[in-house]
Amino acid sequence: MIVWINGTHGAGKTTTSALVQRLIPDSRVFDAEKVGETLMDIRPGLPETDNFQHWPPWRPLVVETARRVLDYTGGTLVMPMTVLVEEYWREISTGLAEHDIPVRHFVLHADQDTLRGRILGDTVLGPSSFRLKYLEPYAEAAHSWLHAEAEVVDTTHLTPAQAAQRIAEAVKG
């Protein structure tokens with residue numbers, strides 16, 4: 001099984017995923033961003049883009065990597081990854097379904113002011129214009145398809161541990 005933790009940059013996916021992994025037996029965290037980083041390391045580089053998700057190889061490589069890891073280890077993969085383009089989510093989720101891999105799709109949500117405050121106040125990564133530029137695309141995706149497609153966990157007033165507990169309980173229950 002895959003527990004996909006979606007949401008915009010700064011929503012707490014990475015922190016929450018590590019906590020979810022501790023609460024679900026026989027689980028591992030697989031950050032699909034590492035697949036994108038591998039593609040970014042190709043020299044000479046792939047065609048210029050502002051987001052590696054736009055490269056067509058990224059999506060099937062995420063599916064194939066997740067499939068191969070699950071075939072090898074079994075258990076559950078907890079995958080923190082922002083996917084805001086519906087077509088990309090369909091490609092990934094369809095690819096996983098073709099391999100009979102069940103997916104529980106969660107979205108960590110908070111209102112725009114809360115997200116902006118978290119990004120600007122981030123003491124680990126610091127304020128990030130990259131993360132801020134995804135607030136509007138996230139809001140658009142949330143209203144048009146994302147929230148209808150996933151289980152929404154409103155983190156506005158939750159700690160990462162509380163969000164992780166809700167996700168783990170939903171998965172186990």
Side-chain angles (χ1 to χ4, degrees), residues 1-21 24 27-109 115 118-119 122 124-126 128-153 167 171:
M1 164 189 268
I2 290 175
V3 176
W4 194 288
I5 301 180
N6 205 339
T8 193
H9 304 276
K13 296 178 304 298
T14 300
T15 302
T16 302
S17 292
L19 296 168
V20 167
Q21 184 274 322
I24 297 177
S27 65
R28 291 167 175 73
V29 174
F30 165 43
D31 188 343
E33 187 166 331
K34 301 300 181 191
V35 174
E37 290 173 4
T38 297
L39 293 173
M40 289 189 301
D41 285 342
I42 293 172
R43 296 291 175 256
L46 297 176
E48 188 68 29
T49 183
D50 65 341
N51 186 328
F52 57 72
Q53 291 186 16
H54 300 317
W55 286 325
W58 180 77
R59 299 171 303 276
L61 283 171
V62 167
V63 170
E64 187 63 15
T65 305
R67 178 181 81 85
R68 295 289 180 152
V69 170
L70 285 172
D71 283 351
Y72 180 61
T73 64
T76 300
L77 286 183
V78 180
M79 295 182 62
M81 188 71 223
T82 299
V83 178
L84 302 179
V85 177
E86 184 176 11
E87 175 186 345
Y88 297 172
W89 176 251
R90 297 272 173 251
E91 189 175 337
I92 291 166
S93 60
T94 299
L96 294 168
E98 287 171 356
H99 294 290
D100 297 319
I101 300 170
V103 177
R104 290 291 296 269
H105 184 194
F106 294 90
V107 172
L108 300 184
H109 173 77
L115 289 167
R118 288 177 183 169
I119 292 168
D122 190 323
V124 176
L125 297 176
S128 165
S129 59
F130 174 84
R131 292 163 80 195
L132 286 169
K133 82 176 187 176
Y134 282 94
L135 290 178
E136 188 56 38
Y138 167 72
E140 291 172 20
H143 295 300
S144 64
W145 71 274
L146 184 58
H147 282 196
E149 186 72 25
E151 299 172 61
V152 178
V153 178
I167 292 168
V171 169

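Values reported hereafter were calculated over all heavy atoms of this structure, with side chains retained and with hydrogens, waters and symmetry mates removed.
Side-chain contact between Leu135 and Ile119: present, with at least one pair of heavy atoms (C-beta onward) separated by less than 4.5 Å. Residues Trp55 and Val35 form no side-chain contact, since every pair of their non-hydrogen atoms from C-beta on lies 4.5 Å or further apart. Residues Val63 and Glu98 form no side-chain contact, since every pair of their non-hydrogen atoms from C-beta on lies 4.5 Å or further apart. A 4.5 Å side-chain heavy-atom check between Val20 and Phe106 finds every atom pair outside the cut-off. Using a 4.5 Å cut-off on side-chain heavy atoms (C-beta onward), Val69 and Phe30 make no contact. Using a 4.5 Å heavy-atom threshold, the side chains of Leu39 and Leu61 count as touching. When side chains are defined from C-beta on, Trp58 counts as touching Ile92, because their heavy atoms get closer than 4.5 Å. In this structure, the side chains of Thr49 and Met40 stay at 4.5 Å or more apart for every pair of heavy atoms.
Contact detail for Leu115 and Ala11: the closest heavy-atom pair is CD2-CA, 3.9 Å. The two residues Lys13 and Asn6 come nearest to each other via the heavy atoms CD-C, 3.6 Å. When every heavy atom of Ile2 is checked against every heavy atom of Ala66, the shortest pair comes out as CD1-CB, 3.9 Å. Nearest heavy atoms, Val171 versus Met1: CG1-SD, 3.8 Å. Residues Leu70 and Gly75 come closest through the heavy atom pair CD2-O, 3.6 Å. Among all heavy-atom pairs drawn from Arg59 and Pro56, the shortest one is NH2-CA, 3.6 Å.
Counting heavy-atom neighbours within 6.0 Å of Lys133 NZ, excluding the residue itself, gives a total above 12.
The salt bridge (Lys or Arg N to Asp or Glu O under 4.0 Å) test applied to Glu149 returns Arg90, not counting sequence neighbours.
Looking only at distances, no side-chain donor or acceptor of Ser27 sits under 3.5 Å from a matching main-chain atom of Thr76.
Aromatic pair Tyr88/His54: centroids less than 6.0 angstrom apart.
Separation of atoms OG1 (Thr14) and CE (Met81) is listed at 9.0 Å; rounding is to 0.5 Å. Atom CG of Leu77 is separated from atom OG of Ser17 by 11.0 Å, given to the nearest 0.5 angstrom. In this structure, OH in Tyr138 is found 6.0 Å from CG in Leu146, a value given to the nearest 0.5 Å. From Thr16, atom OG1 reaches atom CG of Leu108 across 5.0 Å, with rounding to the nearest 0.5 Å. To the nearest 0.5 Å, the span separating CD on Glu64 from CG on Leu96 amounts to 10.5 Å. Rounded to the nearest 0.5 angstrom, Gln53 CD and Glu33 CD are separated by 9.0 Å.
Between His105 and Trp145, the ring planes lie tilted relative to each other; the angle falls in the 30° to 60° range.
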Check your understanding: Can you check salt bridge (Lys or Arg N to Asp or Glu O under 4.0 Å) on Arg67 and Asp71, steps first, answer last?
Key -> CA-CA 6 Å; Arg67 178 181 81 85; Asp71 283 351; 3.2 Å; yes

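For the side-chain hydrogen bond (donor to acceptor under 3.5 Å, both in side chains) test with Tyr134, the passing option among Thr82, Asn51, Thr8 is Asn51; the others fail.
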